[in-house]
Number of protein chains: 2
Amino acid sequence: MSSKRQRTRLKILDSALRLLVERGYHGVGMEEVARDAGVSRQALYLHFQSKAELLVAMAQYNDEKINVPEFVRLKQETNTALEALDSGVQAYGVIEPQIYEVASIVYSARRSDEAAEAAWQDRLAFRRGNIRRVIERLDLEGRLAEGWTVDEATDFAWALLSMHTYEHLVVERGWPIEQFVGRLSLMLKKVIVAPREGVND
Amino acid sequence: MSSKRQRTRLKILDSALRLLVERGYHGVGMEEVARDAGVSRQALYLHFQSKAELLVAMAQYNDEKINVPEFVRLKQETNTALEALDSGVQAYGVIEPQIYEVASIVYSARRSDEAAEAAWQDRLAFRRGNIRRVIERLDLEGRLAEGWTVDEATDFAWALLSMHTYEHLVVERGWPIEQFVGRLSLMLKKVIVAPREGVND
DNA sequence: TTAAAAAATTTACATACTGTAAAGTAATGT
DNA sequence: ACATTACTTTACAGTATGTAAATTTTTTAA
């Protein structure tokens, strides 16, 4: 059974998650989060050193709650790098909507907050690592397009598979997620994948 | 000759520009901006209704100071849509570094501030309008790639020619600006421009 | 069951920031 | 020189974050 401390922590994180997503980092104070969680304001400082740390913990908490459907996870062990690329973009399309709200709060807080900046950089590095593995495999299979190094192609794909591409096309412009994923997938193949003679992938 | 009011306004904007770029929106208070500008804190409120309005005015001020070299401006009247696309990406590469710092402050402030949000949306709409004109021309000349509507291609190019692509590749990953512009240009051509038989553009 | 330990509350305080108000002073242009 | 405009000074109201310490409640374990 979970300890009281853990339960309180979760109550706080749940409240913070809901309220901060609704009204943004500077739109909600510690007082209100505490009231919503049913604890005193001071209790928040017993669990988190500062508001910024609460934000970071909240982002972590949200990450842990992400639901990645079986069919996406299964595709992880794929035959070719090309399939891996496809399933990677697919996973991006599934994950991004679930983390976008929180990630964008962290992103906006990072300019005036070191903890948020560190959390953001962690996220960037993690994603870049995943992408790099796919690109390396692509290179190994001789399917990396001419004129690209592994590093460059990684940077490029990483920049395109970012929170902000999602924000621009899906959030701002209202693209359906399937269209979004489809276009990105096609585009990446056209640009960083070398064509195989006589075959359409 | 400029009035005292105008001179004071400029002093404030210059100070705000320097300090906010250095330490972010929430890293600098009105007090400090005033001290730096050599005026009283109250003077700031005689010129700007709020800190957020100062931020927006500052962004506008920065925009007005942008230096777009002659050779980029001259290319505006180009022969073909393809050339227009190229010169557009080129202009983006020249302009973005000059506005990035300020634009990213506005972007981060927009979540907790209506004035900043409005200013940001203005900027997005303006840029999108410019891009749309090029894409329309591309379509008119029959060079829009198969499977793209004008709207979709506009959204797509607009998402790629954003502050965040610049941030990811140039700021975070250190791409030289020529490489950045070159890759984007090539990529756009590959994806949204229809190939002309037997010719390499 | 009860005593120790852990967790949370209450109350108070320090600090910093935004924004408002009003009276007084200095600079400017005609 | 004088009226107007611009700016300063001083004071205040409100809202945050974060710290501190004494007290109470809850949990755990003997």
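By convention in this document, chain letters (A, B, ...) are assigned in the order of the sequence lines, proteins followed by strands, and residues within each chain are numbered from 1.
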Nucleotide D:dA16, atom C1' - distance to CZ of A:R23 in whole Å = 14 Å
request  = Send over the distance from A:F48 CZ to D:dT19 P, rounded to a whole Å.
outcome  = 15 Å
key: Closest listed nucleotide, where the reference is the side chain of B:R41 and the choices are C:dG19, C:dA27, D:dT17   = C:dG19
request  = Name the closest nucleotide to the A:K51 side chain, picking from C:dG19, C:dT28, D:dT17.
outcome  = D:dT17
task = Output yes when B:D151 and B:R132 qualify as a salt bridge under the 4.0 Å nitrogen-oxygen rule, no when they do not.
result = yes
remark   = Whole-Å distance, A:R5 CZ to C:dA8 P, equals 6 Å
Phosphate OP1/OP2 of D:dC7: any B:H47 side-chain N/O under 4.0 Å = yes
ask   = Does the pair A:E152/B:R183 count as a salt bridge with the N-to-O cut at 4.0 Å?
value = yes
key: Interatomic distance, B:Y45 OH vs D:dA13 P [rounded to whole Å]   = 17 Å
key: Under-4.0 Å salt bridge between B:R18 and B:E22   = no
Value in whole Å for how far the P atom of D:dT15 lies from NE2 of B:H26 = 18 Å
query = From D:dG18, D:dC7, D:dT10, pick the nucleotide closest to the side chain of B:Q42?
reply = D:dT10
Ion pair check, A:E83 and A:R137, cut-off under 4.0 Å = no
message = What I want to find out is whether B:K189 reaches B:D86 closely enough, with some N-O distance under 4.0 Å, to be called a salt bridge.
response = yes
message = As a test of reading the structure: which of C:dA8, D:dA6, D:dT8 is closest to the side chain of B:A43, going by heavy atoms?
response = D:dT8
request  = Take the protein atom NZ of B:K11 and the nucleotide atom P of C:dA27, then report the distance between them rounded to whole Å.
outcome  = 12 Å
message = Output the rounded distance in Å from CD (B:Q6) to P (C:dG29).
response = 11 Å
request  = Report the distance from atom CG of B:L54 to atom C1' of C:dG19, rounded to the nearest whole Å.
outcome  = 14 Å
inquiry  = D:dA6, OP1 or OP2 - any side-chain N/O from B:S3 closer than 4.0 Å?
reply    = no
request  = Compare the minimum distances between each of C:dT10, D:dA6, D:dT27 and the side chain of B:K4, then state the nucleotide with the smallest one.
outcome  = D:dA6
key: Options D:dT8, C:dA7, C:dT18, nucleotide nearest the side-chain atoms of B:L46   = D:dT8
A:R7 vs D:dT27: side-chain N/O to OP1/OP2 distance below 4.0 Å = yes
